Amino acid sequence: MNARFAMGTEVIQGRNSIEEMGAVIKSLSSKPSVMICTDKGIVNAGIAKKITEQLDENDISYQVFDEVVPNPKIKTVEEGRDFLHKHDLNLLLAVGGGSSIDTAKAIAVIHAGGGEIERYEGRDKLDCDALPIIAVPTTYGTGSEANKATLVTNEKTKTKMVIVTPQIQPTHAFIDPEMMVKLPAAIGAATAVDALTHAIESYTSKIAQPITDGLNLHAISLITMNAPSAAMRQDDYESTTKVAIGSTMAGMAFGNTGLGLVHAISHAIGGITDVAHGVLNAILLPYVMEFNLPAVSDRYRQVGEVMGVDMNGISDVEGAKMTCEKVRELCQLLEIPTRLKDVGISSDIFEETAIIALKDGNYLRNRREATKKDIQNILLNAL
Ligand SMILES: [Fe+2]
């Protein structure tokens with residue numbers, strides 16, 4: 001099969017890059033009327049205000065929809081669509097973590113195509129244009145700012161629906177450290193490791209290719225070297241920018257390769273509980289890597305090299321084991337919970353989790369096949 005790499009989002013990066021927001025919006029619409037899609041935390045932290053100031057300065061009209069919740073639900077997406085209709089808005093500006101960007105994308109889908117969001121689950125189910133989307137990530141781990149996928153939780157089936165369609169790829173993403181530098185350390189740490197997970201899973205995907213390899217290896221290096229300082233210090237603009245760019249690079253890559261078993265499991269748990277996605281991935285990553293190790297030892301060794309581990313004279317398998325340890329060290333340094341029980345998860349959801357994870361599209365990209373029992377064992381090890 002031929003390798004495919006789609007490019008779409010224009011990424012504008014740098015401190016105070018959001019000052020270009022007005023000009024970008026005006027380039028997309030002669031009469032813009034903007035829906036800011038965000039959550040109350042972003043509004044209360046004063047981050048949304050930095051965006052609205054830009055729109056005010058440029059005489060651009062807007063309305064703020066701040067009802068986004070973690071692990072976006074169908075109900076929120078429908079409320080957002082109604083809000084958009086009520087105010088007759090024509091451009092979506094997502095400000096926040098992955099939940100805000102994914103919610104904006106899902107609103108764009110049902111606004112354009114009509115009907116219920118379930119209709120669009122899967123690939124390329126939307127057959128008309130959608131409103132333009134601009135993304136301003138305020139955490140590291142999303143990647144959603146640079147790809148054409150959105151995840152919506154279906155509370156009836158307790159699953160995360162994946163919707164992939166090119167019309168919802170953001171036209172522009174602003175990677176501005178001013179929007180992230182004050183992140184609470186725990187959120188900065190968990191989302192940085194989520195971004196690292198994106199890069200490692202994309203690098204070891206069954207359909208990894210040279211373009212995504214280049215993006216992922218540099219992303220792994222940028223995130224590993226800079227995450228501790230970016231997460232722990234609220235004035236380190238340089239490290240924050242590097243982790244943020246690494247996260248976006250991984251997002252560009254996994255939009256083309258898919259992810260792997262870590263995300264298959266964390267999506268399954270995220271449909272059952274409301275534990276933050278980044279924390280789940282950070283807990284699961286080293287355990288899933290140990291499971292995958294026999295199938296991808298050469299690639300894990302390469303991951304360890306760009307994380308700064310000296311692999312001189314060491315076999316692939318030994319090197320891959322050292323990479324797993326390096327990931328653990330990084331998570332400890334970032335003071336991330338290391339056990340599922342630390343975040344209130346118990347073994348009674350493991351069987352259901354394993355069944356759902358095997359149906360997640362990301363599992364299909366994992367290089368080692370897993371059984372239900374294998375996944376239950378990974379979860380028990382991580383408990
Ligand atoms: Fe993720």
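Ligands are counted one by one from 1 in listed order, and the atoms in each one are counted from 1 as well. Only a predicted model underlies this, so the values are computations on that prediction, with no experimental measurement involved. For the numbers below, each heavy atom of this structure counts, side chains included, while hydrogens, waters and symmetry mates do not.
- As for Asp194, its N/O/S atom nearest the Fe ion (ligand 1) is the one called OD1.
- As for His277, its N/O/S atom nearest the Fe ion (ligand 1) is the one called NE2.
- A cation-pi geometry, defined here as NZ or CZ lying under 6.0 Å from the six-membered ring centre and within 45° of its normal, does not hold between Arg365 and Phe254.
- Rounding to the nearest 10°, we obtain 90° for the angle at the Fe ion (ligand 1) between His263 NE2 and His198 NE2.
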Hey, mind stepping through Ile47 and Met179 against side chain to side chain contact (heavy atoms under 4.5 Å, CB included) and telling me if it holds? CA-CA 7 Å; Ile47 297 171; Met179 307 300 288; 3.2 Å; yes
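- With salt bridges taken as basic N to acidic carboxylate O contacts below 4.0 Å, none links Glu116 and Arg119.
- Between Glu155 and Lys73 there is no salt bridge, since no side-chain nitrogen of the basic residue lies less than 4.0 Å from a carboxylate oxygen of the acidic one.
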